[in-house]
Each structure stands twice: as structure tokens, then as C-alpha cells.
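The structure under discussion appears below in the form of C-alpha cells.
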Amino acid sequence: MKDKAKASPKPEPIGYELFENGLDFILSGLEHLGSNPLAKRDYKFGILHLAAGIELILKERLRREHWSLLFENVDKANTAAMTSGDFKSVTFESLVDRLAGVAQVTIAKHEFQVIDDLRKRRNKVQHLHFTETPEVIESLAAKAVGFAIDFIKDELSPKDMTSAEGSAFNTIKDKLKDFEAFVTKRLDHLKPILAKAKKDGATIVECIRCFQEALVVDGEELKCRFCSSTFEPLELADDWASQRLGLVLLLAAPVGAQDRPDEGSMFGAAPEVKEPPQPDAFTRGDAVDNPLSIGGRYWQRWQMSKPEGQATSRSPVSAPLQFDAFMDARPSDRVRGFVQGRLFYDPTRDRSGGGAVGSTSGAPLSLSSSVSPSQSNPNVALDQAWLKFDIERKVFVTAGKQHVKWGVSRFWNPTDFLNPARRDPLVGSDQRLGNTMVKFSVPLEDKEANLTALILLDNPRPAGTLGQTGAAFRAEKVFHGAELGAEAVARGNLTPSYGADVSMPLGPFDVYAEAAVQTQAPGPRFRRTGTPTTGANIATLFAVDNPKGPFYQASGGGTYTFAWQANRTATAGVEYFYNELGYDGADIYPLLIFLGSYQPFYTGRHYGAFYVTAEGPDAGKHTTYTFSTLSNLSDGSFISRIDFAWRFLTYLTFEAFADQHFGTRGGEFRFALNTPALTYNGAAVAPINLPATVYDLGVGLRLSF
């Protein structure tokens with residue numbers, strides 16, 4: 001008799017309770033993202049499983065309130081449908097609303113943004129396409145899982161977990177440490193870079209993609225240093241206006257303001273266009289919704305200057321109004337056209353521009369680089385007009401009137417070759433108009449480098465012949481944490497100018513320097529040979545020299561960032577500028593003014609500056625304070641200034657300043673002029689008595705839209 005065959009053991013049923021199912025999905029997502037090496041599918045399934053797991057965790061909390069709340073339509077809730085799964089589950093929006101309204105569980109706005117962003121990415125992965133950087137995914141994973149762990153601790157009683165649930169939960173916490181270590185290491189690496197950007201006047205805010213506080217907002221770029229994402233200002237403004245209601249104003253902050261859309265932001269990661277647009281082109285991203293955007297900035301100021309020895313009632317005042325309006329056309333992610341105009345009007349000036357208050361240095365307004373490019377009042381000017389596109393996504397071209405600024409220093413930029421006018425560092429934003437050029441950029445991301453070539457079409461005057469056309473080149477490279485740059489510029493028949501700059505961390509400090517070499521003087525050099533007396537001919541009071549180059553200019557400094565209060569930082573910095581093309585004393589200034597060769601902030605040979613800027617103590621970090629002292633060390637004059645900015649009513653920024661002029665009377669920063677009646681080539685020159693400015697006061701309002 002044959003032995004009876006042994007019966008096979010009956011297989012155990014496979015099943016997960018809702019809570020364990022959510023934990024398992026999160027664990028699976030972390031396992032995919034923790035693979036070594038990671039494949040594309042690991043990122044895909046990591047996003048899918050993390051999003052699914054966190055949503056199940058939220059549903060578990062709702063289930064503990066009552067199982068019927070898991071139905072989108074609670075009126076149709078029944079146990080049969082619950083058991084079979086044949087029902088429409090609660091949507092994410094209803095889930096969050098019911099947690100708050102029924103279970104009294106409110107998810108903080110910042111945490112909601114993280115999990116909602118993860119959910120949207122899950123939808124793209126599952127239903128469309130997705131393109132993202134590993135840094136964004138890993139940062140988002142760390143943020144989302146961190147939220148899930150805190151939510152479980154606060155709302156789901158870990159001590160009551162089953163052994164399977166507890167094991168999964170502990171494993172999740174262990175794996176999260178790897179992601180947090182990645183994030184911490186990268187943020188530590190970025191600290192000096194972000195500190196330098198902040199020192200240069202940029203604002204650092206939270207990135208809308210990776211949720212790390214590493215998005216640099218300044219007048220040159222909108223780029224997250226953590227995940228390398230670049231943005232259009234309007235893209236950020238729309239997102240923050242709807243989610244955070246903040247970055248719109250940061251784009252108009254008085255220090256390091258982003259006054260216009262970033263000219264490099266269109267060249268970030270974008271889905272590849274593989275076929276001509278079909279009816280669903282907007283969904284695929286081949287075409288953009290709302291291809292034309294209109295916006296601008298309204299900036300109204302009032303300021304007065306107290307003259308020495310005169311009644312306060314006789315203090316000159318000005319009320320400059322600046323209105324910028326732009327049209328930004330982006331029919332696709334590879335083509336963009338931009339036009340911006342500027343209106344400048346001051347009701348305290350006559351139609352020819354007379355009756356103006358002094359410049360920020362204390363010199364007459366006509367000498368300041370911060371005024372309207374024309375003395376007509378009102379004045380309308382074209383600031384920018386350019387077209388942008390790429391060649392095979394390797395060479396990026398910007399052609400037209402545009403802004404390109406070089407240099408790493410805060411107050412003096414000798415390598416800013418492409419702008420014929422010098423920036424007034426005491427004005428809250430760069431008010432110079434753009435220059436016409438064709439720019440070719442070639443990023444070398446694998447080498448952490450960038451190459452730029454430019455054709456200059458105004459020189460600074462329009463290049464009417466081929467021989468007057470200029471050219472410029474710049475190379476940038478990140479090397480062992482230091483950012484290096486080198487450039488060369490040639491204009492028409494002029495000999496070339498060369499420059500280099502470096503910025504890097506040095507212990508707890510961030511240091512920077514830039515130097516320029518001009519092979520010939522940009523204009524004649526004047527030497528005073530006599531003293532003005534009544535009736536003297538000005539032509540006999542000076543001689544003209546034409547020294548041979550090269551001539552050197554260099555600026556450099558350092559900053560130190562520290563916490564002056566819990567969760568509030570301040571930055572202290574110093575800067576020095578050597579200007580071989582400058583003059584050693586103030587006695588030459590009246591002559592330079594008469595001859596039209598006086599350039600504030602670049603007339604002396606030696607300059608120095610010290611400043612401290614700090615975040616305010618208010619809870620929303622809506623205020624900033626800056627104290628600065630600038631000195632023309634060659635003539636012994638100084639100006640000390642306090643700036644205050646307060647963002648309020650969401651879209652408005654109030655700003656105020658007060659400054660004091662002191663030191664040598666007649667020096668650059670305590671400018672005064674007292675000359676007798678003179679003659680020049682037979683023509684009479686009236687006497688001038690311009691008192692020194694004791695102090696200035698000013699207030700302003702900015703609105704960006």
C-alpha cells in the first residue's frame with residue numbers, strides 16, 4: 001500500500017491593513033531611492049510609492065475618525081462597498097479638508113506644500129511625462145518622509161503599532177537618516193556660496209522645487225543652488241503669489257533687487273520636444289499657456305539734502321518717480337522675446353531737468369550715475385529689447401538691448417566693462433539702461449564651467465561701421481569651492497581691457513577680489529597748474545597729460561555672517577578699491593566738473609567701505625537693516641548711511657534712509673564748490689557757491705506687479 005502523499009500546506013492569505021500598507025509604500029519608495037547606483041526607474045517608483053504611502057497615512061488618520069469619511073460621497077458609504085473596494089475614494093483635497101474640519105488635524109501650510117508637490121509629481125509620473133534632477137527628488141523625499149514621521153508620532157500613536165508596523169516605521173526612520181545626511185552635506189557645501197550671494201545683495205529664499213532655502217534672487221539670476229533649477233521671475237511670482245505670497249516682493253527688495261525677468265532662466269531643465277505640437281500640446285509642454293505676460297514696477301521716492309550753513313527750509317528736495325513696464329513673450333520653452341520701457345519723472349524739476357537735489361555722494365545731481373539717462377522731464381527710455389533662443393540646447397543666444405554685469409565686489413566693480421556708466425552703489429537698484437549686444441553662452445555643466453562670447457553693438461556709442469563693433473569674452477569655472485572668472489573686451493580701435501575675479505570661503509569668512517587691466521587710459525588726465533582768481537582764464541589753470549598704460553584697478557573684501565538672534569542672521573563686510581586712474585586730492589574736482597570728467601565713486605585713487613546688514617526681529621522676516629560707511633581715502637571724505645526696508649500689505653515695500661557726510665570739506669563725500677567769476681576762451685563763467693551737504697533723508701515705496 002502506497003503512502004499517502006503529504007498534503008501541501010495551505011498558503012497564508014496576503015494582506016495589509018491600511019496603516020501597514022502606507023508604511024510599506026513609504027519604505028518601498030525609500031528603498032528605490034536608496035539604490036546604488038540609481039536607475040531612472042528607481043526615481044520613478046520612488047516618487048510613486050512615497051506619494052501613495054503618505055496619502056494612505058493621512059487616510060488612516062481619517063479612518064480612525066470614521067471609516068465612512070474615506071468615501072468621496074459620504075452619503076454612499078456602506079460596508080459592502082468598503083469591503084469590495086468598489087467605491088470612489090476621498091480625493092486629496094477632500095482628505096485634507098476633512099482632516100481639518102472633522103478630525104481637527106491641521107497640516108501646516110509649509111508641510112502641505114511639500115506633500116502637495118510630491119502628489120503633483122506622482123501625477124506627472126503616472127499620467128504624463130516627468131523631467132527632474134536627482135537633487136530635487138532626494139530633497140523632496142527627505143522633506144516628505146520627515147513630515148510623515150512627525151505626523152505618525154503626533155496623530156497615530158506609535159506605541160500602539162503592531163510588530164509589523166513598528167518594524168516598518170523604525171526602518172523608515174533609519175533610512176531617512178541617509179537622505180538627511182545627503183541634504184545636510186550638500187547644504188554645508190553651499191553655505192559659503194549662499195553667504196557670498198547674500199553678501200552681494202541677493203535674497204535667499206526657499207526653492208519651489210526642492211524646498212531648500214537655497215534659491216538665489218538677485219539682478220542677474222533666479223537659480224536654486226541646491227537643485228540647480230532656474231526660474232522665470234513670473235513663474236516664481238505666480239507660484240509664490242498663490243502658495244506663499246512672498247517672492248513677488250523679494251523681486252522688488254531694495255538691496256540686490258530683481259527688477260526684471262532673469263535673462264538666463266529659460267534654459268533650465270525642460271521636456272524634450274520630440275514631435276510637432278498636437279491638439280494636446282499644452283498638456284505636453286510643447287506650447288505654453290499665456291505666452292505673453294505683462295508686468296512692471298512702480299517706484300516712488302522722496303528725498304531731501306540739508307545744505308551746510310543754510311536753513312532747513314531751503315533744503316533742496318526731489319521726488320523721483322520711476323515706472324518700468326515690460327512685455328514678455330514666451331511661445332515655447334526655447335524662444336523668448338522681452339521688451340521693457342522706463343518712465344522717469346520728478347515733479348520738483350523743470351522740463352529741462354533743473355532744480356534737482358544732489359546725488360548720493362553729495363555731488364550735484366548732474367554728476368550722479370543714478371539719474372535718468374536724459375535730463376528731460378518727464379523722460380521715456382527703452383531699457384531692454386531682446387530675443388532669446390538656443391542652438392541644439394547647447395549654445396544659448398540673447399540678441400538685443402540687455403543687461404550684463406560683471407564683477408563680484410559690492411561697491412566697486414572695475415571689471416564691469418560692458419556698462420559705460422558706473423553704478424551708484426548707494427541707490428537701491430541698478431538704474432542703468434541696457435546695452436545692445438549679441439551674447440552666446442555655452443554652459444559646460446560636467447566641468448562646472450561656462451563660456452560667454454559677446455558682440456558689442458554700442459561702443460558705448462552706436463557702432464555705425466564694422467570697424468567700430470566690439471567683442472568680449474568671459475570664462476567662469478568652479479574650482480575646489482572657489483568661483484573663478486576671467487574676461488577680455490575690445491572696442492573698435494581701442495586696445496583691449498582684461499579682468500579677472502575670484503570668490504571663495506576662507507574659514508568662517510567669504511572673500512572676494514576682482515582686478516582690471518586697461519592697456520590705455522579711457523580719456524585724458526588733467527593736472528592743475530594754477531589757483532582760480534577772479535577773472536582768470538580756466539584754460540591757464542590746468543594741463544593735459546596722456547600717460548601710457550597699462551593701468552590697474554582692483555577691489556576686494558570679505559564678509560562674515562553670524563546669528564545675532566535666534567533664527568536671524570547678520571553679515572558684516574569690508575571692501576577696498578585701488579584705482580590707478582583716480583586722483584590723490586580734491587583740488588582737481590572743480591576742474592573735472594567743468595570739463596565733464598567727474599565720475600562719482602571712481603574719481604579718487606583709494607576707497608574703503610564697511611557695512612553690516614541684518615534681518616529684522618519681526619516674525620515674518622519682513623524687515624531688513626543696513627549700516628554702511630564709504631570713504632574716499634585719498635581726499636579724506638566719508639559718508640555713513642542707514643537703510644531700512646519693510647515689506648507690508650503683501651505687495652508693497654517701504655524703504656527709508658538717512659546719511660551723514662563728514663570729513664574733508666570739498667572731498668567727494670562732502671562735496672562743496674566755491675569759485676570766483678572766471679573766463680574760458682573769452683566767455684564769462686559765473687561764480688559758483690555750492691555748500692556742502694550735511695545729511696540726506698529719504699523714503700520710498702515700491703510695487704511690483
Side-chain angles (χ1 to χ4, degrees), residues 184-206 212-221 223 225-226 250 253-257 407-415 423 425-426 428 478-485 500-515 554-578 601 606-618 621-631 633 638-645 657 659:
T184 300
K185 182 178 180 180
R186 182 157 179 80
L187 288 176
D188 287 343
H189 171 73
L190 292 174
K191 278 183 180 178
I193 298 174
L194 296 176
K196 174 190 173 298
K198 198 168 184 179
K199 174 265 299 180
D200 290 339
T203 301
I204 311 299
V205 298
E206 185 182 272
Q212 298 296 335
E213 195 163 332
L215 175 59
V216 177
V217 181
D218 64 17
E220 297 295 323
E221 66 173 353
K223 181 175 181 179
R225 297 297 187 179
F226 186 93
L250 293 175
V255 178
V408 296
S409 297
R410 180 184 178 97
F411 296 104
W412 294 278
N413 295 116
T415 63
R423 180 177 183 264
L426 293 178
V478 177
F479 183 75
H480 293 297
E483 297 185 31
L484 310 174
D501 57 75
V502 59
S503 57
M504 60 185 294
L506 187 63
F509 303 97
D510 292 297
V511 296
Y512 58 88
E514 59 181 281
S555 63
T559 63
Y560 175 69
T561 300
F562 57 95
W564 71 270
Q565 185 176 303
N567 199 30
R568 295 294 185 276
T569 62
T571 298
V574 295
E575 188 169 305
Y576 168 75
F577 174 43
Y578 170 71
F601 301 102
H606 301 277
Y607 288 88
F610 167 78
Y611 69 94
V612 178
T613 183
E615 298 173 327
D618 58 299
K621 294 186 180 180
H622 293 161
T623 59
T624 59
Y625 302 81
T626 300
F627 169 79
S628 56
T629 293
L630 278 68
S631 172
L633 300 172
F638 299 81
I639 180 173
S640 289
R641 174 167 167 146
I642 296 176
D643 287 87
F644 168 75
F657 78 88
D659 64 42

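Quick caveat, the model's predicted, so the values are computed rather than measured.
- With 3.5 Å as the limit, one finds a donor-acceptor pair spanning the side chains of Thr571 and Thr561.
- The ring-ring contact (aromatic ring centres under 6.0 Å, His included) check on Phe657 picks up nothing, with sequence neighbours excluded.
- Side-chain atoms of Glu575 come within 3.5 Å of backbone atoms of Phe411 as a donor-acceptor pair (strictly under, hydrogens ignored).
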Go through the steps to decide whether Phe577 and His606 satisfy the test side chain to side chain contact (heavy atoms under 4.5 Å, CB included), and finish with yes or no. CA-CA 6 Å; Phe577 174 43; His606 301 277; over 6 Å; no

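- The two residues Thr629 and Ser640 make their nearest non-hydrogen contact at OG1-OG, 2.7 Å.
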Carefully, step by step, assess Met504 and Asp510 under the rule side chain to side chain contact (heavy atoms under 4.5 Å, CB included). CA-CA 6 Å; Met504 60 185 294; Asp510 292 297; over 6 Å; no

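- Taking CG of Asp643 as the reference point, atom OG of Ser628 lies at 6.0 Å (rounded to 0.5 Å).
- The closest donor-acceptor contact from the side chain of Arg410 to the backbone of Pro425 lies at 3.5 Å or more, if one exists at all.
- Minimum heavy-atom separation, Tyr625 to Gly616: CE1-CA, 3.7 Å.
- To the nearest 0.5 Å, atoms CG (Leu633) and OH (Tyr576) are separated by 7.0 Å.
- Here the CG-OG1 distance, from Leu426 to Thr626, works out to 11.0 Å after rounding to the nearest 0.5 Å.
- Within the model, atoms CD1 of Ile639 and CG of Leu630 stand 7.5 Å from one another, a figure rounded to the nearest 0.5 Å.
- Minimum interatomic distance between Ala482 and Val502 (heavy atoms only, all atoms of both residues): CB-CG2, 4.5 Å.
- When all heavy atoms are compared, the tightest approach of Val612 to Ala572 is CG2-CB, 4.0 Å.
- At distances below 3.5 Å, at least one donor-acceptor pair connects side-chain atoms of Trp412 with backbone N or O atoms of Phe601.
- Between the side chain of Glu514 and the backbone N or O of Thr415, at least one donor-acceptor pair lies under 3.5 Å.
- The backbone N or O of Phe627 lies less than 3.5 Å from no partner atom in the side chain of Arg641, so there is not a single donor-acceptor pair.
- Contacts of Phe509 classified as side chain to side chain contact (heavy atoms under 4.5 Å, CB included), with partners at least two apart in sequence or in another chain: Tyr560.
- Listed here is the closest heavy atom pair of Asn413 and Val408: ND2-N, 3.8 Å.
- Side-chain atoms of Trp564 come within 3.5 Å of backbone atoms of Glu615 as a donor-acceptor pair (strictly under, hydrogens ignored).
- Looking at every heavy atom in both residues, Gly556 comes nearest to Ser409 through N-OG, 4.2 Å.
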